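As structure tokens, the structure follows; a few thoughts come after it.
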Amino acid sequence: MHFRNRFLFLLALAAVVAILSLSLQFLHLIPLMPQKEDGISIRSHRRIMPDLLTEPPVLDPIYEAYAYCNIPNSTEHSVEGHAPPDYKLLSVQVMIRHGDRYPLYAIPKTKRPAIDCILVPNREPSHQQLGSFIHHMSKADGSHMDSTLKSLPHYPSHTVCEMGELTQTGVVQHLHNGQVLRETYVDKHKLLPKDWTTKHVYIESTGKSRTLQSGLALLFTLLPEFDLKKIAVRHQWSTIFCSSSCDCPLRNYYLEEEQRRQYNLRIKDKRLEDTYIDMAKIVGIPTRQLRAANPIDSLLCHFCHNISFPCTQNGCINFEHFRVIKTHQLADERDRQEKKLYYKYSVLATHPFLNQTVTHMQQIAQGKSEGVFALYSAHDVTVSPVLNAMGLTEARFPRFAARIVFELWQGPNSSTEHFIRILYNGDDVTFQTSFCQSHNRWSNLPMCPFKHFVNFVQKDMFSILNSTNYYDACHRRIY
């Protein structure tokens with residue numbers, strides 16, 4: 001009898017433990033993913049996505065639009081700076097897209113989106129350092145900037161936004177980016193010394209106020225004891241950051257072919273054309289004029305700022321119009337991947353930047369440079385081809401304040417053993433790149449060897465163009 005009661009007690013206890021375990025897993029208190037020794041969960045990223053708990057089961061144009069807006073979120077997941085024990089972080093290079101901006105285009109005969117470009121710390125979205133940022137930037141003179149950048153304001157301050165001007169949301173997005181990167185690279189890895197100087201930080205920005213201001217916002221929360229006088233910001237005249245290596249006839253050819261592909265796909269989309277016709281009737285202009293006004297640019301501003309779409313006496317542009325245009329954009333991305341024209345353009349467009357990145361990392365690895373941090377403040381037309389050129393064709397189109405991070409690491413066994421990590425919006429995408437897809441991460445080298453990246457940039461990336469170097473690829477004749 002005693003044995004039977006004991007058996008029933010143990011059976012009941014086992015049932016309670018099983019129920020408790022399942023409950024904890026449901027609440028995510030027990031990890032469901034296998035763990036590496038360094039505590040990093042092992043996940044397969046077939047596509048760079050947010051948490052699958054909120055991801056629609058199929059590609060959804062409205063969800064993709066929300067992802068593009070990138071509403072500031074203090075709980076953003078990030079794995080920058082993660083590596084096995086005893087690996088040393090040597091340098092970090094970051095390319096960013098500017099933050100949320102006012103539209104570059106206006107829909108004719110409609111009211112402009114009713115938002116201003118004044119920074120107000122007690123208005124959402126905000127950041128705990130927004131007030132300090134305003135105060136600091138209002139007194140800074142930017143004396144170490146290139147002449148083209150000196151005339152630009154350091155932060156947005158217009159009651160009526162100018163076309164393409166950075167908004168408060170855009171500033172907050174990059175204050176948040178800088179804070180995330182500081183917690184990893186400055187506080188944890190001590191990448192920058194407390195007495196950092198200009199030689200430790202390299203910065204480039206295009207000549208638009210939105211890129212300069214985005215870069216300054218990120219640096220303000222990243223750098224310890226931020227001082228604008230210690231920062232030298234160089235002007236990059238090219239949106240693809242090709243510097244002095246921009247002469248590439250074949251790049252222009254593939255860009256024109258890509259634009260032709262976009263046009264051909266658009267005119268085949270009857271639903272899209274019917275939508276433009278309907279919107280043009282509402283606005284009271286010819287369809288061709290509406291199409292030329294690139295209405296999705298303005299509609300995204302309404303969408304991201306939760307403002308009703310424009311109305312006229314003929315009716316209102318509605319959510320279905322927006323959905324149809326976004327659906328076509330997703331179809332265009334799929335067609336772009338299949339046709340490979342944009343990929344070929346991307347290889348030629350981004351080689352100068354990627355080659356500069358390799359050179360900078362080599363100098364760091366050889367102890368010839370102290371420039372441990374570099375920032376390139378750019379545009380969607382900069383970030384997107386960089387992703388494509390590295391083989392990250394499944395990556396989402398760059399959202400507002402998107403970031404690509406290049407990390408250079410030194411191995412534990414030798415000072416000449418170096419590795420690279422590539423991250424996109426906080427996700428590790430290294431093993432999705434063309435140069436590290438085939439590397440066995442479960443081998444005795446769990447990180448991607450830096451030499452793979454070097455070989456890719458110096459030679460392998462041109463294989464799609466039947467060439468082995470940049471000059472020949474750019475000047476090869478098309479028959």
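No experiment lies behind these values; they were computed from the predicted model shown.
We find the OG-CD distance between Ser91 and Gln362 to be 11.5 Å, quoted to the nearest 0.5 Å. Rounding to the nearest 0.5 angstrom, the gap separating the CD atom in Gln173 from the CD1 atom in Ile71 is 7.0 Å. Note that OG1 of Thr350 is 10.5 Å distant from CG of Asn355, once rounded to the nearest 0.5 Å. Note: Asp332 CG to Thr327 OG1 = 12.5 Å, rounded to the nearest 0.5 Å. Rounding to the nearest 0.5 angstrom, the gap separating the CD atom in Glu204 from the CE atom in Met95 is 8.5 Å. Atom OH of Tyr343 sits about 6.0 Å away from atom CD1 of Ile464, to the nearest 0.5 Å.
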| task | Could you check Tyr68 against Gln329 for side-chain hydrogen bond (donor to acceptor under 3.5 Å, both in side chains), going step by step and ending with a plain yes or no? | result | CA-CA 12 Å; Tyr68 177 85; Gln329 285 190 330; over 6 Å; no
| said: Between Leu465 and Tyr254, is the side-chain contact (heavy atoms from CB on, under 4.5 Å) condition met? List the steps. | reply: CA-CA 11 Å; Leu465 300 165; Tyr254 282 121; 3.7 Å; yes
| message | Pair Met163, Arg112 - check side-chain contact (heavy atoms from CB on, under 4.5 Å), show working. | response | CA-CA 10 Å; Met163 303 302 276; Arg112 290 155 52 97; 3.5 Å; yes
| Stepwise, does the side-chain contact (heavy atoms from CB on, under 4.5 Å) test hold for His305 with Thr167? | CA-CA 10 Å; His305 289 266; Thr167 65; 4.2 Å; yes
| task | Report the C-alpha distance between Phe456 and Thr433 in whole Å, list the side-chain angles of each, state the deciding distance to 0.1 Å, and finish with yes or no for side-chain contact (heavy atoms from CB on, under 4.5 Å). | result | CA-CA 10 Å; Phe456 172 76; Thr433 62; over 6 Å; no
| Which is it for Tyr202 and Gln93 under the side-chain hydrogen bond (donor to acceptor under 3.5 Å, both in side chains) test, yes or no, and what are the steps along the way? | CA-CA 9 Å; Tyr202 180 87; Gln93 298 187 65; over 6 Å; no
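The residue from Leu219, Val201, Thr198 that alone fulfils the side-chain contact (heavy atoms from CB on, under 4.5 Å) condition with Ile231 is Leu219. Test His176, His136, His135, His174 against Phe220 for ring pair (Phe, Tyr, Trp, His ring centres under 6.0 Å) and you get one pass: His136. Results of the side-chain contact (heavy atoms from CB on, under 4.5 Å) test with Gln236 over Ser243, Ser205, Ser377 single out Ser243 as the only residue that passes.
Of the possible donor and acceptor atoms, none in the side chain of Asp146 sits under 3.5 Å from a partner among the backbone N and O of Thr148. Side-chain atoms of Lys190 come within 3.5 Å of backbone N or O of Asp187 as a donor-acceptor pair. For the pair Gln337 (side chain) and Glu394 (backbone), a donor-acceptor distance under 3.5 Å is absent. Judged by distance alone, with hydrogens and angles left aside, the side-chain atoms of His439 form a donor-acceptor pair with the main-chain N or O of Leu445 at under 3.5 Å. Using a distance-only test at 3.5 Å, with no hydrogens or angles considered, a donor-acceptor pair links the side chain of Gln168 to the main chain of Pro125.
Aromatic ring centres of Phe373 and Tyr185: separated by at least 6.0 Å. Aromatic rings of Tyr345 and Tyr342 (six-membered ring for Trp) have centroids within the 6.0 Å cut-off, being under it. Ring-centre distance between Phe303 and Phe309: not below the 6.0 Å cut-off.
Taking each heavy atom of Ile107 and Pro310 in turn, the nearest pair found is CD1-CG, 4.4 Å. A pairwise comparison of heavy atoms in Phe462 and Ala473 identifies CD2-CB, 3.9 Å as the closest pair. Counting all heavy atoms, side chain and backbone alike, Met447 lies closest to Pro84 at SD-CD, 3.6 Å.
Annotation: side chain of His302 is not in contact with side chain of Ile317 (no heavy-atom distance under 4.5 Å). Cys246 has its side chain out of reach of Pro352: every pair of non-hydrogen atoms, C-beta onward, lies at least 4.5 Å apart. At least one side-chain heavy atom of Phe397 sits less than 4.5 Å from a side-chain heavy atom of Ser384. In this structure, Phe435 and Met390 have side chains that are in contact, with non-hydrogen atoms separated by less than 4.5 Å. With contacts defined as side-chain heavy-atom distances shorter than 4.5 Å, the pair Arg403/Val180 qualifies. Two residues are said to be in side-chain contact when any heavy atoms from C-beta on lie closer than 4.5 Å; Trp196 and Pro224 meet this criterion. Contact annotation: the side chain of Met461 approaches that of Leu354 to within less than 4.5 Å [non-hydrogen atoms, C-beta and beyond]. With contacts defined as side-chain heavy-atom distances shorter than 4.5 Å, the pair Phe133/Pro121 does not qualify.
Using bins of under 30°, 30° to 60° and over 60° for the plane-to-plane angle, the ring pair His351/Tyr470 lands in the parallel bin. Below 30°, between 30° and 60°, or above 60°: for Phe353 and Phe241 the angle between ring planes is above 60°, a perpendicular geometry.
On the SG-SG cut-off of under 2.5 Å, Cys242 and Cys248 do not qualify.
Side-chain N/O atoms of Glu258 and Gln262 include a donor and acceptor closer than 3.5 Å. Asp428 and Thr430 share a donor-acceptor pair across their side chains, judged by distance under 3.5 Å alone.
One finds no salt bridge joining Asp427 and Arg396 here, because no Lys/Arg side-chain nitrogen approaches an Asp/Glu carboxylate oxygen to under 4.0 Å. Residues Asp297 and Arg101 are paired through a salt bridge, judged by an N-O separation under 4.0 Å between the basic side chain and the carboxylate.
Atom OH of Tyr105 sits in a sparse spot, with 12 or fewer heavy atoms from other residues, nucleotides or ligands closer than 6.0 Å.
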